[in-house]
Each structure stands twice: as structure tokens, then as C-alpha cells.
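Have a look at the structure below before the remarks.
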Protein chains: 2
Amino acid sequence: MATQGRRPGGRKRADAERNIATIVSAATECFARDPDVSMSGIAKAAGLGRVTLYSHFPSREDVLRAVLDASIAEGTDVIEAAAPHQGPPAEAFARLIRSCWPMLSRFGGLHTAAQRALTADEVRRYHDEPMAHVERLIDRGQKEGAFRADLPVDWLVTTVYSLLHTASGEVAAGRMAAENVGEILEKTLLAVLRPIS
Amino acid sequence: MATQGRRPGGRKRADAERNIATIVSAATECFARDPDVSMSGIAKAAGLGRVTLYSHFPSREDVLRAVLDASIAEGTDVIEAAAPHQGPPAEAFARLIRSCWPMLSRFGGLHTAAQRALTADEVRRYHDEPMAHVERLIDRGQKEGAFRADLPVDWLVTTVYSLLHTASGEVAAGRMAAENVGEILEKTLLAVLRPIS
């Protein structure tokens, strides 16, 4: 009773941090399921009031950016754990796709939400860090003769980026079964990268 | 002087049709240049007042749909003129990409505008007719052994659709030179379709 009125700053900060984590986690699932989800929908999913939600995130774009920050950080960790700089390029690439895909398929409509609410440039900048790993791997593969070198690295990186997100959208729309997509993506992208004889 | 006050119905209809054609043509260029162009921007580009614009198209989505109708009809004509049902599948496919690309690159930001303003399902339905030609060609190629048959036709059609629009976006953003993209797309997509030995 005596301490309840005082709530020291540390406790308040801990509450705020817990609320933010709850919001980002709930909002990730919301955007994945429905790219057009509203702030009310997000507040409800997080089990918090709209006032609390808006006190941490003044706009829907702010929530979306926090979700993208967390998702991209997770994606970059997964890519780094796949060690794309090690071993034969084609094997490293297959390993990278296989390890990324389960995470990417879970994000579903998030990329669509980002495309609708943010500029194309901003959405692209979010992907700079994970895509830098893909770029280095493709560049290495071209230099080692494992990947075709008659197509520009930038275009090959864009192709990987585009088909990963396209596949994610197909799964979200129910047009592809998530369990088949990893293998299909691996076959498709390795066909693009393979040197032509 | 005497006839000006009467303006028979035929003349009025002709004026309306001319205005609609002017709006659709100007709006196509507007969306291609800036996916977020406003109704005022479109009216200005068409050299018409906002009242006239709104009398024909009550909302921005209505203008966008008219632009998509016209663009997709043009695209379908170009695809049919490339005779995708004739000759060896790989040659027919290369012919189709080479004939589509100049038109597609001209549409620039239009696909982004559609993705932002309309649902993914509606954007996809607009492409059903042109993509049906691509689907028939890929299906024929798989049956004749000219294209790989271990990837689903639907996914291969989606790959073609996705990379064509991605390339269009890259050109619109100034990251690729329009004159190189036709050849790059042809090489990339034929690599995906080629049977693996």
C-alpha cells in the first residue's frame, strides 16, 4: 500500500519496456495476418488500451517501423547464423534460403503493409543489412565461377529479394503451401545463379 | 451562335468521351511518374478542371482502375501479337518478353500505385488475362520438354509476373537502365524455365 503510490522510475520504465515489447510482438502477428490492420486492432491484440498504445507509438507508421526493426534484426541474425561466407557458394546460398524461409513465411502480410504505408525507398533501406550478406555471397560466387557473371550483382540481389517476398505473399494469400516453398525457392534461385554452359 | 446553346446529345457525348480519353492518357503518365499523384495533379496534367475530372471519375481509385483497364488491354494486345502459342517455347517466351518490356517499362510506378490503392487480389485479377497467355506457354513448354517440369506452373507464372514488375520498379527508381532490362529479364527468366540436366 505504502509503495504503490510512489512507483519508482525504474519500475515505470520496466512497465513501459514490457508494454512496448508486447505491442511489437502483437503488431507483428497483426500485420502478418492483415496488412491493413488498424491501431485499434493492434491495441486489442496487445491487450492494451489505445491511450497506452499511442503514448508509445504516436502513429501507425511508428508501430510498423518498430515491427520492421525487430523483424529485420531477427532476419539478419538468421542469415549470419547460416554463415553465407563459408563453403561453396551454391551450398551456402541453399543453406541461407533454407534458414531464412521459415522466418520469412511467418511474416506473411508484413511486407505488403510496409509497401502500402511507407515509401519504396524506406522499405528497401530496411533490407539493406540482410541483403548486404546476399550481395557479398553472390559477388563471391561470381568471382569463384560458381554463379553466372553475365548478369549484374545488383539485379541478382533484387531477384532474390523480390522472389522471397513474392513467395511470402503467395503463402499469406493461401496460394502456396508454406512447407513446399523453401525447396521451390531454392530451385528457382539456384537456377538463376547457375552459370550457363 | 444559334447552335451553341443547344449542343445536341451526340456532341455532348463526344466531348465527354474526349475528356475521358484525355484524363486516362494523362493519368497513365502521372501514375507512371509518381505512384502517389493526387487528383489535382491528374486534373492539371489533363488540362481540365477538378469538377470535370470528378464528374467522370468520382474517386482516385476510379481513375486508377480506368488506367489499369487501358494498360492491361494494351499489354494483352502486345502479348497476343507476339504469338506465344507459335514455335519453340523458349523462342516464343523470349519473343514475348522482348515485345512486352518496352511497354511495361513505360508504365513505371503504375504497378506501385495499384499495390498501394487497391487490394492485392484486385491487382492480381487485372493481370489474369495477360498472365493466362504466359501460363499456357509455360504449360506447353513443360509438356514439350522445353521447360523444367519439377516446379509448379503457377509458381513459374508468378515468378514471371513478379520479376517483370520488379524490373519496371527498378527502372522507375533509376537503379536500372531501361535499355538493358529486356535482355537481363530474358536471361533471368529463361534460366528459371530451362530444364535442369
Side-chain angles (χ1 to χ4, degrees), chain A residues 34-36 90 108-109 111-125 147-177 180-197, chain B residues 34-36 90 108-109 111-125 147-177 180-197:
Chain A
D34 172 14
D36 297 317
H111 191 246
T112 303
Q115 282 181 314
R116 290 207 187 145
L118 310 176
T119 66
D121 272 350
E122 187 173 356
V123 177
R124 204 184 160 86
R125 275 198 303 277
F147 295 156
R148 69 189 294 170
D150 63 330
L151 289 174
V153 177
D154 284 355
W155 167 250
L156 292 171
V157 174
T158 298
T159 298
V160 172
Y161 172 86
S162 169
L163 290 184
L164 284 173
H165 287 102
T166 296
S168 178
E170 291 297 293
V171 171
R175 282 189 295 265
M176 284 178 97
N180 302 332
V181 180
E183 194 194 335
I184 288 174
L185 271 173
E186 189 183 317
K187 282 183 180 176
T188 305
L189 292 170
L190 283 177
V192 173
L193 294 170
R194 190 180 299 130
I196 41 166
S197 43
Chain B
D34 172 14
D36 297 317
H111 191 247
T112 303
Q115 283 181 313
R116 289 206 187 147
L118 310 176
T119 65
D121 273 351
E122 187 173 357
V123 177
R124 205 184 158 84
R125 275 199 303 276
F147 295 156
R148 69 189 294 171
D150 63 330
L151 289 173
V153 178
D154 284 354
W155 167 250
L156 293 172
V157 174
T158 297
T159 298
V160 173
Y161 172 86
S162 169
L163 291 184
L164 284 173
H165 286 102
T166 296
S168 178
E170 292 296 293
V171 172
R175 282 189 296 266
M176 284 177 98
N180 302 332
V181 180
E183 194 194 335
I184 288 175
L185 272 172
E186 190 184 318
K187 282 184 179 174
T188 306
L189 292 170
L190 283 177
V192 173
L193 295 170
R194 189 179 299 129
I196 40 166
S197 42

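Order of the sequence lines sets the chain letters (A, B, ...), proteins ahead of strands, with each chain counted from 1. Here the structure is a predicted model, which is why all the values come from computation and not from measurement.
- Heavy-atom pairs under 4.5 Å with chain B were tallied for A:Leu189, A:Asp36, A:Asp150; the largest tally goes to A:Asp150.
- Comparing B:Thr119, B:Asp154, B:Leu151 by how many heavy-atom pairs each has under 4.5 Å with chain A, the most go to B:Leu151.
- With a threshold of 4.5 angstrom between heavy atoms, A:Pro35 does not approach chain B through any atom at all.
- Shown here for B:Ala120 and A:Arg116, the closest heavy-atom pair between the two residues is N-NH2, 3.5 Å.
- Across all their heavy atoms, B:Gly109 and B:Ala172 have their closest contact at N-CB, 4.1 Å.
- When each of A:Asp121, A:Val181, A:Asn180, A:Thr166 is scored by its heavy-atom pairs under 4.5 Å with chain B, the top score falls to A:Thr166.
- For A:Glu183, the CD atom sits in a loose shell: 12 or fewer heavy atoms of surrounding residues, nucleotides or ligands are nearer than 6.0 Å.
- Heavy-atom pairs under 4.5 Å with chain A were tallied for B:Met176, B:Arg194, B:Gln115, B:Arg175; the largest tally goes to B:Arg175.
- With a threshold of 4.5 angstrom between heavy atoms, B:Ala167 approaches chain A through its backbone and through its side chain.
- The candidate with the highest count of non-hydrogen atom pairs below 4.5 Å against chain B, out of A:Leu193, A:Leu163, A:Leu190, is A:Leu163.
- B:Ser168 places no side-chain N or O within donor-acceptor distance of the main-chain N or O of B:Leu164, the cut-off being under 3.5 Å.
- Between A:His111 and A:Val123 the shortest heavy-atom distance is NE2-CG1, 3.9 Å.
- Distance check: B:Leu118 CG to B:Arg124 CZ gives 15.0 Å after rounding to the nearest 0.5 Å.
- Neither the backbone nor the side chain of A:Thr112 comes within contact range of chain B; no heavy atom of the residue lies under 4.5 Å from a heavy atom of that chain.
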